[in-house]
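What follows is one structure encoded as structure tokens, with my remarks underneath.
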Amino acid sequence: MTLHIGNVEKVPAERPFNGFVRPFIRSRRHGYVKFVARRIAQSALLFFLTILLTFALINTAPGDMVDVMAGDSGGADPGYVQLLREKYGLDKPLPVRLYNYVDQLAHLDLGYSFPQSAPVTDLIADRVGPTLLLMVSSLALAVLGALILGTAAAWNVHRLTDGAVSVLALLAYATPVFWIGLMLILVFSVKLSWFPSSGMETLFSGYTGLARIKDIAWHLVLPAITLSLFHLALFTRLLRASLLEVLRQDFVRTARAKGIGEWRVLGVHALSNALLPLVTMIGMQIGASLGGAVVVESVFAWPGLGRLAFEALNARDTNLLVGIVLFSGLVVITVNLVVDLLYGWLDPRIENV
Amino acid sequence: MMPLSRRHLLRNAAFSGLAGLLPSGAALAAAPARGGRLVVAIDSEPPVLTSAITTAGPAQWISGKVFDGLLRYDNDFNPRPQLAQSWNVSPDGLSITFKLRPGVSWHDGKPFTSADVAFSVLQIWKKYHSRGRSTFANVVSVDTPDALTAVWHLSSPAPYILSALGSPESQILPKHLYDHGDVLTNPRNIAPVGTGPFRFVEWKRGQYIALARNPAYWDKGKPYLDQVILRVLPDGNGAMTALETGEVHLVVNPPWADIARVRKLPGIAVTRSSGFTGALAAFEFNLDKPYFKDARVRQAFAHAIDRDFLVKNVWQGYGEAADSPIPASLSDFHASNLPAYPYDLNKAAQLLDAAGFKRGANGVRFSITHDPLPVGQTYKRSAEAIRASLARIGIRMEIRSQDFAAFVRRIYTARDFDTFQYAASAGPDPAIGTQRFYWSRNFQPGVAFSNGAHYLNPEVDRLLVAAQSESDANKRRALYGRFQQIVQTDLPKIPLVSANPVHLSRGIQAFSVDAYGVMGNFADAFLVTA
């Protein structure tokens, strides 16, 4: 053991992709600034296209906000329908509405949601916290689980553990999220009473500080697990594959040849290099995670953005829907920017400039 | 020795023959207890928290706790005093005088007066309430001789007005908070100030709406509950689970399939609202399509739809097969001896043969599309059952699905459909709940839930218009009787099932006490600890 450790102390230079620290500091700072600036410029264009597309999609879907409102009312007269359309500016042609919307956005105003009777900014602000909490914790769970399961599978490739992990991953990947959610509720809320079945916190509990955090964490367990399973499956399979790939490479053999312990080889040398595809995938899945949350948020009555977006879509609430899409876009673009920067840190061979 | 509790004494009283002195056995079993927090599951959030400017269901039944109406209605539809203590219709039917309850104040402390009534009728309901615009169309002015008297002047008699003054349908808004600025974006719409038994406290979107007891409520001693929480549980299964785990006390209109399972659990009661909160489901034809021009074809459809089967298997027994557009529950107007269409596939086939639609070589007479109302699963399941029946008489029916906005647009604006299915309230009066679907003047493309069939029968028009302003109750009943005879022969739409809301409840009593059912104000509701 001690011999191994002694050897390890000498090998950092042998980690071929990790000798990046100095070059990064010396030559890349300028490059990073340029890179970020370019990405922001690209994102602005992306934003504009997003607005255009969302606006066009919701406005070409059959039926408008007034159809829904008058329909909810279970009857109306033409005067009423006309009154609402004028009030909401829906009597104007689509290009005019788009112009008005962009104009309003240029004044940093996301507008007013008539179906919800509140400013869009307020509506989104209310939901950001719960959504991010759910998203981040479920992704963290998925990554953590994948690190354990993926590594175990790759380490025991073609053995029982590997098979079991693969089957589990396939099941988690293929089972509908709402069903998993309902089953977890049935077992852990109804039968065992371990966790609450819905909501984000105990209403009117009067909890503050640590007690409140504990209460929210308690409510978070089932929805976060439900939302994480799909990603857990995805990440596990990815990590297993990429670990197997890396484990075959020369530098791993070199590390082994130098007598480094298997755990060290796996945990430090192989894993840090196998993480790249996983990071890419996490970046890509942020968007999907925002979207996939609709079902989980509904089943667990979690007050998140996904549900709000779904309501906005059903109500043909253009202001709200475009607002949410823009916000989600901001999150996705930011996360991907961070992911791109992470690449450089994980693998200095990747040029960001 | 057991301590003598109030309940214990009452029980002994009952056993010793004193029960006759008490109002009823039921009242004995559960004497109203003060206090507690009632949690009700709602599946969607309302657009606003006042039904003065919308008739969206969630708005109606939540705001009914915050606002009182001028009147309420008992289970036999008789008007009862609420904010109005008395009302008097002039013999010519052209004016209605309301004497208002003294000492009522808004939740912000300002007194409730006749000015609020006049303002609400003329400036709110007549302009912004989709049904109020027609219900109160005849109200031309309102005099307010004193703070507690409001005299409505009508251009012609409108007897149905007295059926439409309950809180869920026509809420009085506080003039002092609404007489300036835009009504539809008034901030009070989502933070309402009413006169009802519960004050608005907080609306956490996506989570709950909190109401608290109004200590200054005019009905002294009521309400019994300290708080009413409306928890947003968008998923029907989630709501059922919350009921099972005791997180909520009341679920309204649960998923049908779950009722059978949950009702067996201890402590859970299944009840139904009575009165005019029910919905009448109907199968409606597009009369502009050639297949449906012939009444015999429509009658054939009626014979081919097994409404009892639908009640039993789709509505799980919580409904009644309908034989008229005015459901039996509206007993003042429902006619008997109407043309009947018992389930009879042979009869249906004969009618189609007679109408000239013979079976083709492949056994099919014709193919049509069907658009069930995309709300819940009920109409889709019902459509599937109807499709199976129609297939047996050689009609191929394709069921389409879309979301609500697309449905409304397709049926009422684009008119791109053959048949559709939906449910709508038939109450509180046929002039409000039934006329709109049959009156040719209400064929209004672009307007949801108008005369979607494009039905036109001058005699029906005449009857409807006459009944609308007939003050004599017997004559009115006769006019609607004749109307039902004709439309059940013409069948522009086939009434299927009338169903009142079903509630699953646990530990809560007296939450549905009058014609508005759970839309009522919950002033009488109380919790019982098991």
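Reminder, nothing fancy here: chain letters follow the sequence lines and each chain counts from 1.
For the set B:Pro58, B:Ala414, B:Pro47, the count of heavy-atom pairs under 4.5 angstrom toward chain A peaks at B:Pro47. With chain A as the partner, the residue from B:Arg205, B:Arg231, B:Gln207 showing the most heavy-atom pairs under 4.5 Å is B:Arg205. Of all the listed residues (A:Ser113, A:Gly63, A:Ser189), the one sharing the greatest number of non-hydrogen pairs under 4.5 Å with chain B is A:Gly63. Taking B:Val375, B:Val232, B:Asn189, B:Leu184 one by one and counting their heavy-atom pairs under 4.5 Å with chain A, the maximum is reached by B:Leu184. Ranked by heavy-atom pairs under 4.5 Å with chain A, the first of B:His129, B:Glu244, B:Glu45, B:Glu247 is B:Glu247. When each of B:Arg37, B:Arg133, B:Gln444 is checked for heavy-atom pairs under 4.5 Å with chain A, B:Arg133 comes out on top. With chain B as the partner, the residue from A:Pro130, A:Gly79, A:Ala118 showing the most heavy-atom pairs under 4.5 Å is A:Gly79. Chain B forms more heavy-atom pairs under 4.5 Å with one residue of A:Val190, A:Asp67, A:Thr202 than with any other, namely A:Asp67. Note: A:Ser298 leads A:Ala315, A:Pro196, A:Ser298 in heavy-atom pairs under 4.5 Å with chain B. The greatest number of non-hydrogen atom pairs below 4.5 Å with chain A, out of B:Leu233, B:Val48, B:Thr185, is found for B:Thr185.
Heavy-atom distances place both the backbone and the side chain of A:Leu203 under 4.5 Å from chain B. Residue A:Tyr112 touches chain B through its side chain alone, counting heavy-atom pairs closer than 4.5 Å. Only the side chain of B:Ile190 comes within less than 4.5 Å of a heavy atom in chain A; its backbone stays farther off. Both the backbone and the side chain of B:Tyr128 come within less than 4.5 Å of a heavy atom of chain A. Using a 4.5 Å cut-off between heavy atoms, A:Leu123 contacts chain B through its side chain alone, with no backbone atom that close. Contact of A:Pro78 with chain B is made through backbone and side chain together, with heavy-atom distances under 4.5 Å. Looking at A:Gln82, there are no atoms closer than 4.5 Å to chain B (heavy atoms on both sides), in backbone or side chain. Of the atoms belonging to A:Leu308, not a single heavy atom falls under 4.5 Å from chain B. Using a 4.5 Å cut-off between heavy atoms, B:Lys204 makes no contact with chain A at all. Interface remark: B:Thr413 contributes side-chain atoms only to the contact with chain A (heavy atom separation under 4.5 Å). For B:Asn186, no part lies under 4.5 angstrom from a heavy atom of chain A.
Across B:Ala59 and B:Thr54, no two heavy atoms sit closer than the pair CB-CG2, 3.6 Å. The shortest non-hydrogen separation linking B:Val251 to B:Ala239 is CG2-O, 3.8 Å.
By the 4.5 Å heavy-atom criterion applied to side chains, B:Val183 and B:Ile124 are counted as neighbours. B:Pro255 is listed as a side-chain neighbour of B:Asp258, based on a closest heavy-atom distance under 4.5 Å. Using a 4.5 Å heavy-atom cutoff, the side chains of B:Asp403 and B:Pro374 are not in contact.
Here A:Phe300 and A:Phe195 keep their ring centres 6.0 angstrom or further from each other. The distance between the ring centers of B:Tyr379 and B:Tyr422 does not fall below 6.0 angstrom.
Test B:Arg409, B:Arg410, B:Arg415 against B:Asp371 for salt bridge (charged side-chain N to carboxylate O under 4.0 Å, His left out) and you get one pass: B:Arg410.
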Open item on the list: One pair to check against side-chain contact (heavy atoms from CB on, under 4.5 Å): B:Gln468 and B:Leu464. What are the steps and the verdict?
Closed with: CA-CA 6 Å; B:Gln468 191 179 17; B:Leu464 287 173; over 6 Å; no

Task: Intermediate values then yes/no, side-chain contact (heavy atoms from CB on, under 4.5 Å), B:Leu211 and B:Val201 - done: CA-CA 5 Å; B:Leu211 312 176; B:Val201 177; 5.6 Å; no

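The aromatic rings of B:Tyr412 and B:Phe420 sit perpendicular to each other, their planes meeting at more than 60°, with 30° as the lower class boundary.
Cation-pi contact between A:Lys87 and A:Phe114: absent, since separation from the ring centre below 6.0 Å together with deviation from the ring axis within 45° is not met.
We find that B:Asp235 and A:Arg307 are not joined by a salt bridge, their nearest charged nitrogen and carboxylate oxygen being 4.0 Å or further apart.
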